[in-house]
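Before any comments, here is the structure.
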Amino acid sequence: MEALQREIADAAAFADDLPFDPDAVAVDGPVEADASGNERLGPSSDAPVIVGVDQAFLDERAVSAIVAVQDGAVIERAHAVTQLSIPYIPGLLAFREGGPILAAIEELSVEPDLAVFDGSGRIHFRQAGIATHVGVVLDLPSVGVAKTLLCGEPAEPVDGRPAGWSTPIEAGPDVEAPEGTTIGHAYQSRQWDRSQSINPLYVSPGHRVSAATTRDLVDALCAGYKLPEPTRLADRYADEVKAEYE
DNA sequence: GCGACAG
DNA sequence: ATCTTGTCGC
């Protein structure tokens with residue numbers, strides 16, 4: 001599995017090769033979850049279709065949820081319930097959740113322009129986190145958004161930073177990349193005004209996106225919550241589907 | 001052997 | 001990821 005990850009990292013493009021202008025991406029406010037107001041029946045413009053991907057679990061089954069957003073509105077949701085066979089092992093997450101995610105994406109009728117994954121991309125021991133792995137398999141532009149850091153080193157302390165702040169995550173001895181290579185960023189999407197502090201997000205390129213653009217895209221996709229809208233919606237949808245299966 | 005480790 | 005009460009703050 002590790003050898004395959006090195007091949008995937010080799011095939012991955014950590015430079016911008018997007019079918020749309022990343023500077024044109026923006027989500028004004030929180031997106032309504034479903035048909036409660038601004039859902040359309042399918043893609044209606046040439047604006048990029050961005051999908052959020054997340055999972056929930058019941059016993060040894062994975063509930064993979066996909067929510068497609070375009071112009072700040074949900075245009076489609078899809079999901080799949082799959083039997084799991086591989087345990088969770090840090091560094092090998094894609095082998096456990098990759099198949100289930102592909103099954104859910106196959107249920108989608110729209111063609112995504114970008115996928116936002118819950119987990120790392122290039123911030124990975126062999127530069128092949130789940131965002132990179134699935135992105136390469138589908139040759140789909142992708143980014144990874146993780147809530148905790150798997151490996152690498154922040155260029156500076158990350159505690160108590162204001163919203164909008166970010167710092168590079170550099171490759172250390174634990175990453176198979178030249179020492180100091182920027183493999184992603186710590187990005188503070190949200191912060192409290194006083195007292196309590198919120199941890200930053202750890203964002204990294206999946207495939208066909210650079211580290212800087214990944215940070216900018218996540219920044220543009222956040223709308224008042226810690227997680228970017230596509231991810232937050234997929235998170236909620238996964239819980240919704242899970243509830244129906246138990 | 002010890003420590004570290006996405007979801 | 002999942003199991004869960006109470007609690008702080010707008």
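- Here A:H133 and A:F95 bring their ring centres to under 6.0 angstrom of each other.
- Rounded to whole Å, the distance from CZ on A:R96 to P on C:dA1 is 12 Å.
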Trace of the side-chain contact (heavy atoms from CB on, under 4.5 Å) decision for A:F57 with A:V63: CA-CA 6 Å; A:F57 302 86; A:V63 174; over 6 Å; no
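- Taking atom CG of A:D59 as the reference point, atom C1' of C:dC3 lies 13 Å away to the nearest angstrom.
- In this structure, A:K147 and A:D118 have side chains that are in contact, with non-hydrogen atoms separated by less than 4.5 Å.
- Taking a centre distance below 5.5 Å and an interplanar angle below 30 degrees as the stacking criterion, A:Y88 stacks against the six-membered base ring of B:dG7.
- C:dA1 atom C1' lies 9 Å from atom CG of A:D118, rounded to whole Å.
- Side-chain proximity of A:S120 to the nucleotides B:dG7, B:dC5, B:dA6 is greatest for B:dA6.
- At a threshold of 4.0 angstrom between heavy atoms, the contacts of A:I130 include nucleobase atoms, whether or not backbone atoms are also involved.
- Checked against A:V203 for a side-chain contact (heavy atoms from CB on, under 4.5 Å), the options A:D219, A:V145, A:L217, A:I169 give a single hit: A:V145.
- Distance A:D174 CG to B:dA6 P: 12 Å, rounded to the nearest Å.
- Remark: P of C:dT2 and CD of A:Q55 are 10 Å apart, rounded to the nearest angstrom.
- Going from atom CD of A:Q5 over to atom C1' of B:dA6 covers 12 Å, rounded to whole Å.
- The side chain of A:T148 contributes no N or O atom lying less than 4.0 Å from OP1 or OP2 of B:dC5.
- Between the P atom of B:dG7 and the CG atom of A:L149 lies a distance of 10 Å, rounded to the nearest Å.
- As a whole-Å value, the separation of A:I169 CD1 from B:dA4 P is 18 Å.
- Base contact: A:L92 has a heavy atom under 4.0 Å from a base atom.
- Residue A:K147 places at least one side-chain N or O closer than 4.0 Å to OP1 or OP2 of B:dG7.
- Each of B:dG7, B:dC5, C:dT2 was ranked by its minimum atom distance to the side chain of A:K242; first place goes to C:dT2.
- Salt bridge annotation for A:R208-A:D139: present, with a cationic side-chain nitrogen under 4.0 angstrom from a carboxylate oxygen.
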